[in-house]
Every structure is written in structure tokens, then in C-alpha cells.
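Notes for the one structure printed next.
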Amino acid sequence: MRMTRWFGRTLREAPAEAETASHQLLLRAGAIDQLMAGVYTYLPLGWRVKRKVEAIVREEMDAAGALEIHMPAIQPLDIWERSGRADAMGPVLFRLTDQRERPLALGPTHEEVVTQLFASQAQSYRDVPVTLYQIQTKFRDEARPRGGLVRVREFTMKDAYSFDADEAGLDASYGAMFEAYKRIFARCGVPTVPVEADSGAIGGKESREFIYLSDTGEDTIVICDRCGYAANTEKAEFVRPPVPPEEPLEVEPIETPGTTTIEALAAFLGVPASKTAKAVFYMATDPHDASAAAEPVFVVVRGDLQVNEVKLRNLLGGKDLRPMTDAESASYGIVPGYASPVGIDERVRVVVDTSIATSPNLVAGANVAGRHLRNVNLSREYHAHDVIDVALAEAGHTCARCGEGTLGTARGIEMGHVFRLGYIYSEAFEARVLDEAGEQRTPIMGCYGLGVDRVIAGAVQEHYDERGIIWPASIAPFDVHLVALGLGRDAELASDADALYTELTAAGLEVLYDDRDDSPGVKFNDADLIGVPLRVTASSRNHKAGVVEVLRRAGGDPDLVPRAEVASYLVAARAELLSALG
RNA sequence: CGGGGUGUAGCUCAGCCUGGUAGAGCGCUGCGUUUGGGACGCAGAGGCCCACAGUUCGAAUCUGUGCACCCCGACCA
């Protein structure tokens with residue numbers, strides 16, 4: 001491609017709207033252009049990268065045995081009602097109406113469509129296992145788009161769905177996708193760690209997110225420094241910091257005026273927070289049925305821990321949680337600031353973290369303003385409906401997996417997600433196949449998402465320097481950036497540069513040819529910003545010496561390569577860069 | 001949805017407090033000089049100052065109401 005025929009310009013300064021390196025550089029290089037919040041145009045530069053990523057995804061999906069299809073982005077709303085997600089998706093679902101006033105939705109994902117498709121096509125066990133995938137535009141009306149391509153409202157996702165006869169089949173399908181994902185991210189130059197993720201109310205026994213670790217990320221994960229256990233904080237298990245055993249002591253009321261927080265209480269009594277019980281109370285509501293009565297839930301965790309609302313929500317079967325209003329807490333005899341599970345109203349469901357069961361003689365509230373109780377013990381002063389893991393893992397906690405390592409936290413961006421779905425959708429859409437015995441069987445499903453735009457953002461975030469992007473060779477918009485200097489002055493050089501461009505293209509290389517009449521500084525700076533892996537400089541000086549200069553964007557010294565060997569040299573250099581990505 | 005911030009040239013921003021003919025740098029166009037790391041001179045083009053409604057003789061500037069965008073949080077099958 002000749003730059004004189006190119007569309008999209010480089011920017012010397014980053015637009016004010018961009019904060020992260022990936023966002024700034026993609027804008028400055030002229031790869032993307034924002035139309036509105038969370039909606040971007042891909043310019044020729046970015047589009048070439050996107051097609052490279054998609055090609056890698058296709059290769060690995062096909063190699064894993066998946067079959068590519070293309071489903072509609074526009075969907076009838078009734079399939080969302082059938083799966084029960086029309087309400088659950090809430091405002092994130094883009095809705096519209098056709099001219100016959102039929103309610104429609106723009107697909108935020110395609111479980112409904114694919115399951116209906118499978119149900120209409122598949123008839124017998126001979127039709128499974130099958131994994132279908134597509135590369136599709138998804139629409140989600142995100143409350144807050146952010147980070148350039150990281151969280152957007154219209155985006156490209158590779159989504160795959162597997163259908164298997166049984167759990168063992170799902171194991172194989174899921175495993176194949178898991179391995180394919182590892183290869184895709186490695187080949188795209190985006191390091192990821194698979195972390196255990198919450199599978200939500202939707203169920204399923206295993207769900208993993210592929211996280212690219214970056215301080216610019218919006219997800220928080222915990223990682224064990226010893227065994228490598230990695231999990232989303234929502235899901236992470238941990239060992240509660242132990243407290244010394246004690247014999248149960250007698251309950252003793254204490255006057256604690258104006259002491260409504262754990263911090264204040266611990267300071268007032270001169271005890272560590274782990275000697276206190278923290279109470280948090282919610283109303284649980286049914287997201288599918290606004291008219292259903294809300295259920296009061298009272299959660300107790302040790303004072304040094306925090307409530308993990310995702311774990312709590314899973315216990316409650318996916319209900320939404322909101323804080324109890326003052327009127328509601330008053331109606332159950334709960335006194336905020338002095339709330340206590342002791343003597344609580346029987347209508348309230350009491351959920352206790354496992355930390356409480358092993359921590360004797362805690363200071364808890366008394367449900368009387370200005371008063372707490374010392375030496376409260378579970379099963380003696382009060383009883384719990386549930387004793388579960390309902391606390392949030394934090395940095396410094398001990399790993400539950402190996403029991404020895406210490407958990408640390410890190411930020412990251414979710415690049416992909418593999419998920420054992422189970423039977424939810426196949427049952428909702430009555431997808432059945434006949435088995436060998438002639439019995440109707442419901443297939444078990446898995447789903448596997450991968451954010452193409454995020455892979456691009458992650459690749460840039462991972463590979464850049466103060467001068468610009470350093471594209472991984474596998475997804476670079478071009479293989480070679482041919483920079484010709486002083487074309488206007490040296491007709492012989494100009495004709496040789498044109499010839500070189502033709503020659504490199506004929507050798508199978510994708511070449512961006514800077515044939516503009518600009519100064520060397522402008523050209524070199526643009527080349528650095530755009531970040532093509534190999535830069536070839538043709539100048540009068542080199543031309544006279546019968547060489548060109550080759551520089552790798554990633555670093556190192558330039559090589560002077562004899563003119564006759566340039567094409568083969570570059571083909572080899574490109575192969576070398578690609579092989580480093582696996 | 002809560003909190004904060006910003007809307008002026010393609011980009012980065014001044015001007016607003018204290019109302020009186022729309023500004024700078026970069027970029028863009030033409031001519032000339034330059035040419036291995038964002039050159040220089042000369043001449044130009046480019047604006048509904050986010051929108052609407054007020055106040056005023058007069059509004060980019062003051063007031064109100066919207067809208068958009070960004071950041072933090074909530075949310076994120």
C-alpha cells in the first residue's frame with residue numbers, strides 16, 4: 001500500500017478523551033475513530049489488524065473442529081423471553097421494534113439463537129458432538145463504555161457453542177476450546193492467565209476467564225504466589241486468617257455509644273477487628289418477577305472480612321440484592337450500627353460466613369442503639385440458616401488451594417471466557433436428539449466467547465514504547481514498512497524504491513510504502529507510531545552503496561542488507577518473528 | 001444510576017472571573033528553499049464558540065434547562 005493513497009492520518013498529540021496507552025496509540029496511529037461513546041470505526045490500519053486477529057481465531061477454531069456459521073445480529077425478543085433473559089439482561093439489551101411493531105433485540109450474545117438453530121437442525125446422536133462458532137458484531141448498551149476498545153457498546157466477538165451427548169463429551173469440547181484459546185492468545189502476542197470465574201446464577205460447574213494482566217484493567221483477580229491458583233475475586237476461595245481458640249465465655253452487654261462501625265468498635269474496645277462480627281443486611285428480589293415479595297437476608301462475616309455479594313447471590317439462586325431500607329430494618333427489629341443476629345426476627349434469613357463458625361467470643365451488636373454484646377458464639381446465642389463461604393478474598397489472605405501460598409491481587413482485562421453451560425438453554429428451547437436406544441436426550445452445552453477488539457487493545461497495551469505501537473508480527477497491519485527518503489531529488493532511487501515495493505509484494509510480503517514527499521523525521525516518526533515490525537529504509541546514500549537498511553521495530557541495531565537479498569532477508573525475518581509467537 | 005470533570009478550528013488548548021469585531025501551537029492548501037529523526041520563509045483556507053431559552057443596547061463570556069464526551073463508583077449471561 002502506498003501511503004500517498006492511504007486513508008487515515010497519524011496524530012502528533014493524543015486526543016484528550018484517551019487515557020490508556022492502547023486507546024491513545026490506536027487513535028494516534030489512525031487505527032480507529034470514535035463515532036460515539038463506546039462505538040468506533042475501524043480505519044484501514046485497524047481493520048487490517050482486526051482481520052489478522054480474526055484469521056488466527058478462525059484457524060484455531062477450525063483446527064479444534066469447530067464449524068463456522070453466521071447468525072443474525074437482529075433477533076426477535078420472544079426468544080429472550082423464552083430463555084428468561086429479557087428481564088435479566090435489563091437495560092444492557094438494545095431493543096427495537098419493526099414496522100409491524102414486533103419487539104426485537106440486537107444480539108448481545110447468541111445462546112438463544114444457536115440453541116434454537118440446533119434444535120431445528122439436529123435430530124439424533126449422530127449430530128453431536130458439534131461446536132458452532134461465529135465472528136459477529138454484538139450489541140450491549142453498557143452503562144459506561146471505557147478504555148477505548150476495552151468496553152464498548154458495539155463490538156466483535158468470536159462466540160462458540162458446543163453441544164454434546166453427555167458430561168464426558170462436554171469435557172472434551174470444553175478442553176478443545178480451552179487449548180485453542182491458549183494458542184490464540186499466544187499467537188496474538190497477548191499473555192493471558194486462565195482464572196477461575198464465577199459462573200453466576202446460570203449454573204454450570206466450570207467457568208474460566210482468560211485475563212490479560214494490566215493495571216488498566218477493570219477486573220480484579222487474586223493469584224497465589226505459590227501454587228498459581230488464580231481466580232476472579234468474585235469467585236476466589238481463601239483460608240480465613242485464624243484466631244486463637246478460646247473457651248466460650250459468658251455473654252456480656254457493653255455500652256458503646258456512637259460506635260457504629262467495625263473500625264470504631266475495635267478501637268473503642270481495644271480489640272482487633274477479627275474479634276468482632278460484622279452484620280450486613282439486604283433485601284433479595286427476583287430479577288424475573290418484580291411483583292414477588294423481597295426476602296430479608298442478614299449476613300454475618302468476621303469484622304476483618306467483607307461480604308462477597310456474588311457468592312451471596314449464588315446462594316440465593318441469582319436474586320438481586322439491595323440494601324435494606326431503614327423502614328425495613330426497623331420492621332425486623334434490626335438497629336443499623338448495632339445490628340445483631342442474636343434474637344433476630346424469624347422471618348429473616350441469616351447467612352453466616354465460615355469464619356464466624358471458627359471464631360469464638362466475638363463482639364456483636366445488640367440490636368439496641370449504643371450497645372454491643374461481648375462473647376457471642378454461633379449456635380449458642382443464635383442460629384444460621386446457612387453457613388457458607390460468603391466473604392471476599394483480599395490480598396494477604398492464604399490460598400485455599402495449596403493452603404500455603406499468599407494471595408495477591410492484580411488488575412486485568414477479560415479477553416475470553418470459556419463456560420460449561422449445562423442444560424439451561426437446551427432445555428428452554430427443547431433441543432433434543434435421539435440416542436442409540438431411540439430415547440430423547442437433551443444435549444449439554446458449553447459456550448466460549450472471545451473479544452476480538454479486546455485482543456487488539458491488549459496487544460497494543462502489551463507492546464508499545466514511547467515512540468508508538470510495536471505490533472506482534474502475527475497481527476501487524478503490514479509486514480514491512482518501506483520508507484523511501486528524498487524521492488523528489490533522486491529519480492533513480494525513486495524508481496528503485498518502486499521496484500523494491502513491487503518485488504517485496506511479489507515475495508508475499510504485505511508492504512506499507514511511504515512514498516510521500518515528506519522529511520525523514522516525519523516518515524520515521526510515523527513508522528515508529530504505526531509500529532510495523534520490520535522497517536526498510538531506502539535512501540540515496542544506501543542506494544549508491546547497493547544496500548537498504550532493515551530495522552526491527554521491537555529493538556536492536558539496524559542491518560545493512562545487499563539490495564539483491566532484501567526480499568529473502570525480509571521473508572526470513574518475518575518467519576523468525578512469527579515463530580517466536582508460537 | 002450516584003459522584004466529579006470537560007464542551008471554542010482537524011488535534012492540543014488559551015480567551016470566560018471583569019460582556020464590546022474569534023485567538024495560539026500543531027495539522028491542512030499553494031509557491032519557493034530544504035531532505036537520515038516531527039525543517040524554514042511567504043501567502044492562504046478553515047468557526048452555528050454543544051443546543052435551546054433567558055438577562056442585556058450588546059453574550060464564547062452572566063443565568064437556567066437540556067445534550068454530548070471523559071474519569072471514579074455501581075452494573076457487567
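Everything numeric here is computed off the predicted structure, so don't read it as measured data. So that the names make sense, note that chain A is the first sequence line, chain B the second, and so on, each numbered from 1.
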Determine the interatomic distance between [atom1] on [N] and the same-named atom on [M]; round to the nearest Å.
| N | M | atom1 | result |
| --- | --- | --- | --- |
| B/U63 | B/G19 | P | 12 Å |
| B/G41 | B/U34 | C1' | 11 Å |
| B/G10 | B/G27 | P | 16 Å |
| B/A43 | B/A24 | P | 14 Å |
| B/A14 | B/A22 | C1' | 12 Å |
| B/C13 | B/C50 | P | 15 Å |
| B/G7 | B/C48 | C1' | 14 Å |
| B/A9 | B/G3 | P | 29 Å |

Nearest-angstrom distance from the residue atom [atom1] of [X] to [atom2] of [N]:
| X | N | atom1 | atom2 | result |
| --- | --- | --- | --- | --- |
| A/Glu142 | B/G73 | CD | P | 15 Å |
| A/Tyr425 | B/A77 | OH | P | 10 Å |
| A/Asp320 | B/A77 | CG | C1' | 13 Å |
| A/Arg151 | B/C76 | CZ | C1' | 5 Å |
| A/Asp517 | B/C28 | CG | P | 12 Å |
| A/Phe94 | B/C76 | CZ | P | 17 Å |
| A/Asp141 | B/A77 | CG | P | 15 Å |
| A/Glu13 | B/C11 | CD | C1' | 6 Å |

Legend entry - A/Pro296 side chain near A/Met283 side chain, heavy-atom distance below 4.5 Å: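 Touching, per the 4.5 Å side-chain cut-off.
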Inset, instruction - May I ask you to test the A/Leu96-A/Leu106 pair for a side-chain heavy-atom distance under 4.5 Å? - result: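 Counting from C-beta outward, A/Leu96 and A/Leu106 do come under 4.5 Å.
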Inset, instruction - Kindly say if A/Arg144 contacts the phosphate of B/C72, meaning a side-chain N or O under 4.0 Å from OP1 or OP2. - result: yes
Answer with base, sugar-phosphate or nothing: what part of the nucleic acid does [X] contact at a heavy-atom distance below 4.0 Å?
| X | result |
| --- | --- |
| A/Arg467 | base |
| A/Gly147 | sugar-phosphate |
| A/Arg541 | base |

Legend entry - Minimum-distance nucleotide to A/Phe524 side chain [options: B/A77, B/C75, B/G37]: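 Of the options given, the side chain of A/Phe524 lies nearest B/G37.
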Using a strict 4.0 Å threshold on nitrogen-to-oxygen distance, state whether [X] and [Y] make a salt bridge.
| X | Y | result |
| --- | --- | --- |
| A/Glu328 | A/Arg322 | yes |
| A/Glu112 | A/Arg85 | yes |
| A/Asp526 | A/Arg516 | yes |
| A/Arg467 | A/Asp465 | no |
| A/Arg153 | A/Asp141 | yes |
| A/Asp219 | A/Arg411 | no |
| A/Arg563 | A/Glu565 | no |
| A/Arg454 | A/Glu218 | yes |

Inset, instruction - Mark up nucleotides 38-44 of chain B, 5' to 3', with B wherever a protein heavy atom is under 4.0 angstrom from a base atom, S wherever such an atom reaches only the sugar-phosphate, and - elsewhere. - result: BS-----
Inset, instruction - For A/Asn542 and for A/Glu234, find the nucleotide of RNA chain B with the closest heavy atom, then tell me which residue's nucleotide is more 5'. - result: A/Asn542
To the closest 0.5 Å, what do you measure between [atom1] ([X]) and [atom2] ([Y])?
| X | Y | atom1 | atom2 | value |
| --- | --- | --- | --- | --- |
| A/Arg151 | A/Arg146 | CZ | CZ | 6.0 Å |
| A/His463 | A/Trp471 | NE2 | CH2 | 10.0 Å |
| A/Glu81 | A/Ile79 | CD | CD1 | 10.5 Å |
| A/Thr109 | A/Met89 | OG1 | CE | 7.5 Å |

Under 3.5 Å, which N/O atoms of the protein pair with N/O atoms of nucleotides 14-16 of chain B?
none

Legend entry - Distance under 6.0 Å and angle within 45° of ring axis: A/Arg2 vs A/Tyr513: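 So A/Arg2 doesn't make the cation-pi contact.
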Which nucleotide, in any strand shown, forms a Watson-Crick or G-U wobble pair with [N], with both distances under 3.5 Å?
| N | answer |
| --- | --- |
| B/C75 | none |
| B/U35 | none |
| B/C17 | none |
| B/U6 | B/A68 |
| B/A45 | none |
| B/A24 | B/U12 |
| B/A59 | none |

Hey, can you pull the residues of [range] with a non-hydrogen atom under 4.0 angstrom from RNA chain B?
| range | answer |
| --- | --- |
| residues 477-491 of chain A | A/Leu485, A/Arg489 |
| residues 14-26 of chain A | A/Ala14, A/Pro15, A/Ala16, A/Glu17, A/Glu19 |
| residues 34-43 of chain A | A/Gln34, A/Met36, A/Ala37 |

Inset, instruction - Applying salt bridge (charged side-chain N to carboxylate O under 4.0 Å, His left out), name anything that partners A/Lys158, two or more places apart in sequence or on another chain. - result: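 A/Lys158 satisfies salt bridge (charged side-chain N to carboxylate O under 4.0 Å, His left out) with no other residue.
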Inset, instruction - Establish whether the base of B/G36 is bridged to the side chain of A/Thr537 by a donor-acceptor pair shorter than 3.5 Å. - result: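 Side chain to base: no pair below 3.5 Å.
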Inset, instruction - For atom OH of A/Tyr464, decide whether the heavy atoms of other residues, nucleotides or ligands shown that lie under 6.0 angstrom number more than 12. - result: no
Inset, instruction - Begin from the C-alpha positions of A/Asp171 and A/Arg420 and carry the test salt bridge (charged side-chain N to carboxylate O under 4.0 Å, His left out) through to its verdict. - result: CA-CA 9 Å; A/Asp171 287 346; A/Arg420 291 166 172 272; 2.6 Å; yes
Legend entry - Sub-6.0 Å ring centroid separation between A/Phe178 and A/Phe210: yes
